[in-house]
Amino acid sequence: MDTLTETVERLHKSVLPEEGLIPAYVHTDPDVYQLEMRRLFGRSWLFVAHESEIPRPGDFVVRDMGEANVIVSRGDDGHVRVFLNSCRHRGMKLACEDMGNGPSWRCPYHGFTFRNDGSFLGAPYQRFAYTEGLDREALRLVEARCEAYKGLIFATWDRGAEPLTDFLGAMTWYLDILVGRAEFEVVGTPQRWIVPTAWKLPAENFASDAYHTATTHAFLAQLGLVSGVDFGRLGYHVDAGNGHGLGIGVQDEGPWYPPELRAEYERNLSPDQLALLDRIKNFHGNVFPNLSFLIPNVIEFGGRRVTGMTLRQWQPVGPGSIQAWSWHLVEKDAPDWWKELGRKAYIQTFGTSGMLEQDDTENWEAQTRNSQIALTLDEPVVLHYGMGLGREPLTDFPGLGTVYDGKFNEAAARSFYRRWLDLVAGETR
């Protein structure tokens with residue numbers, strides 16, 4: 001029996017999401033990580049960019065799909081495509097900058113050139129070097145399947161994958177509120193930094209864990225930014241299926257957004273979605289596997305109430321390390337004061353030096369170190385995900401998915417690990 005087969009067997013025996021039992025080794029075991037790269041990141045729909053980042057023909061950004069570096073390009077024909085950032089001649093990186101605009105990419109190694117639709121354009125001294133000619137179609141860039149939802153661009157290497165909307169499922173109802181209520185744009189360029197943590201820890205934190213706010217972020221109450229340390233408790237916990245999950249904090253103080261945006265929201269949302277938006281206090285979740293989002297609590301700047309929305313991606317760069325990506329998004333037609341103060345709120349709370357960001361990353365780093373230690377112990381280290389087991393979901397909530405009253409619950413985390421296990425180790429046995 002080979003190592004990966006043994007790992008699959010071990011996963012089926014030890015990972016028990018329905019019982020709320022997740023072994024710590026799954027976060028840093030190198031063999032588990034190899035299965036993830038092959039079976040999960042090699043086959044799942046993965047977020048790669050927001051459409052506002054490549055608005056013009058010829059625009060492109062360089063991103064990652066797992067460990068695969070890719071070019072996300074809007075071709076001269078206006079179509080968005082995603083290519084492996086690898087020359088078909090010797091595999092050199094084609095686009096060596098993070099972003100740009102142009103009709104083609106020229107390999108810096110031997111000069112092979114490709115159009116922004118992926119087709120091969122030519123090579124230096126082609127008549128002399130390749131007297132027998134070149135198969136131009138065989139040299140076309142390796143292209144991923146690409147679809148978008150409400151401005152969010154996703155790609156997958158799996159040609160037989162279900163349509164993106166089927167993959168998103170019930171999560172679309174909530175993504176409409178998040179990024180579909182208006183036309184959004186990315187402000188500036190995404191921030192990036194390395195965190196010595198396993199990618200699943202921040203992903204499941206955003207999907208499911210409102211419980212940590214009462215301890216990790218308790219200082220917010222001391223600063224008067226929230227009314228009490230239990231500010232993360234009231235609201236709804238949502239298992240949106242397919243490993244997606246979110247938490248919705250609620251308040252009854254009225255909408256926090258500028259009234260100038262109300263008409264656009266009304267055009268894009270259903271009455272039930274709009275009514276929920278009016279009550280949102282905070283809004284956090286994760287689109288499986290590694291795209292997270294957050295609308296944090298409203299805070300005051302210069303007497304105005306404001307919040308700053310962020311998208312997050314936890315890009316794995318090894319069994320115990322990630323590159324965190326952070327985008328700040330804002331409504332394109334919002335008043336200038338909202339854009340300016342929203343950016344400040346984003347930087348102050350969840351930017352790279354934000355006061356809440358460092359609290360979370362410290363937890364994830366320590367968890368990852370302990371997961372690595374668990375690899376050396378004879379006695380299994382099993383983590384407890386039993387909160388909310390047996391709790392009955394609501395039957396009258398207007399949104400999709402399985403919804404629970406109150407945010408202190410781990411149902412979405414259990415579903416996250418069930419989806420993860422089914423992809424990495426095969427369907428439930």
Side-chain angles (χ1 to χ4, degrees), residues 36 40-53 63-66 70 72 82 144-158 161-181 184 186 190 199-210 236-248 273 280 282-296 309-316 322-329 350 399-403 410-424:
E36 289 178 333
L40 195 161
F41 286 94
R43 300 176 185 173
S44 295
W45 282 107
L46 304 171
F47 174 74
V48 290
H50 189 269
E51 288 183 344
S52 67
E53 295 182 274
R63 298 289 154 79
D64 293 298
M65 295 173 61
V70 297
V72 185
V82 178
R145 185 175 157 197
C146 176
E147 295 181 21
Y149 187 80
K150 301 300 170 84
L152 304 176
I153 303 170
F154 291 79
T156 178
W157 300 114
D158 184 1
E162 60 191 333
L164 176 62
T165 52
D166 291 351
F167 164 75
L168 294 174
M171 196 63 153
T172 57
W173 199 86
Y174 304 96
L175 290 177
D176 290 348
I177 297 174
L178 181 77
V179 291
R181 66 182 188 264
F184 276 85
V186 170
W199 71 269
K200 293 187 291 298
L201 292 170
E204 56 112 317
N205 174 280
F206 273 71
S208 181
D209 189 359
Y236 305 99
H237 180 89
V238 184
D239 174 1
N242 285 348
H244 316 310
L246 67 149
I248 308 168
Q273 290 171 321
I280 284 177
N282 51 64
F283 196 61
H284 61 86
N286 187 74
V287 177
F288 188 88
N290 64 332
L291 172 66
S292 296
F293 58 82
L294 174 68
I295 298 176
M309 190 173 80
T310 178
L311 293 180
R312 292 299 178 85
Q313 193 159 40
W314 319 108
Q315 291 288 3
I322 63 170
Q323 184 176 67
W325 287 68
S326 177
W327 292 260
H328 173 50
L329 278 77
F350 283 95
L400 302 180
T402 305
V403 184
E410 290 170 339
R414 291 189 289 272
S415 291
F416 174 93
Y417 285 107
R418 166 48 59 194
R419 175 72 169 178
W420 174 84
L421 181 64
D422 285 346
L423 290 174
V424 172

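These figures come from a predicted structure and were not determined experimentally. The first residue of the sequence shown is numbered 1, and numbering continues consecutively from there.
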Notebook entry, point to check: Parallel, tilted or perpendicular for Phe293 and Phe283, by the 30°/60° rule?
Noted result: tilted
Notebook entry, point to check: Of all residues at least two apart in sequence or in a different chain, which pass the salt bridge (charged side-chain N to carboxylate O under 4.0 Å, His left out) check with Glu147?
Noted result: Arg145
Note to self: For the aromatic rings, using the six-membered ring if either is Trp, is the centroid distance between Phe288 and Phe416 under 6.0 Å?
What the structure shows: yes
Note to self: Between Ser52 (side chain only) and Val186 (backbone N and O only), is there a donor and an acceptor less than 3.5 Å apart?
What the structure shows: yes
Item checked: Qualifying residues under side-chain hydrogen bond (donor to acceptor under 3.5 Å, both in side chains), relative to Trp314, sequence neighbours excluded -> Ser292
Next item on the list: Can you sort out the partners of Trp325 under ring-ring contact (aromatic ring centres under 6.0 Å, His included), two or more places apart, ordered by chain and number?
Entry: Trp327
Next item on the list: State which residues pass salt bridge (charged side-chain N to carboxylate O under 4.0 Å, His left out) with Asp64; sequence neighbours excluded, sorted by chain then number.
Entry: none
Check: For Tyr149, which residues count as a ring-ring contact (aromatic ring centres under 6.0 Å, His included) partner, sequence neighbours excluded?
Finding: none
Note to self: According to ring-ring contact (aromatic ring centres under 6.0 Å, His included), who are the partners of Tyr174, at least two apart in sequence or on a separate chain?
What the structure shows: none
Note to self: The criterion is salt bridge (charged side-chain N to carboxylate O under 4.0 Å, His left out); which residues satisfy it with Glu204, sequence neighbours excluded?
What the structure shows: none
Check: Looking at residues at least two apart in the chain, or sitting in another chain, which of them share a side-chain hydrogen bond (donor to acceptor under 3.5 Å, both in side chains) with Arg63?
Finding: Glu53
Next item on the list: State which residues pass side-chain hydrogen bond (donor to acceptor under 3.5 Å, both in side chains) with His284; sequence neighbours excluded, sorted by chain then number.
Entry: Lys407
Notebook entry, point to check: Taking the side chain from His244 and the backbone from Phe167, do they hold a donor-acceptor pair closer than 3.5 Å?
Noted result: yes
Next item on the list: Name all residues meeting the side-chain contact (heavy atoms from CB on, under 4.5 Å) criterion together with Ala170; count only those two or more places apart in sequence or in a different chain, and write none if there are none.
Entry: Ala240, Leu400
Notebook entry, point to check: What pairs with Phe184 under ring-ring contact (aromatic ring centres under 6.0 Å, His included), at least two apart in sequence or on another chain?
Noted result: none
Next item on the list: Only counting residues at least two apart or in another chain, list the ones meeting side-chain hydrogen bond (donor to acceptor under 3.5 Å, both in side chains) with Gln313.
Entry: Gln315
Check: Any side-chain donor paired with an acceptor under 3.5 Å for Glu162 and Trp45?
Finding: no
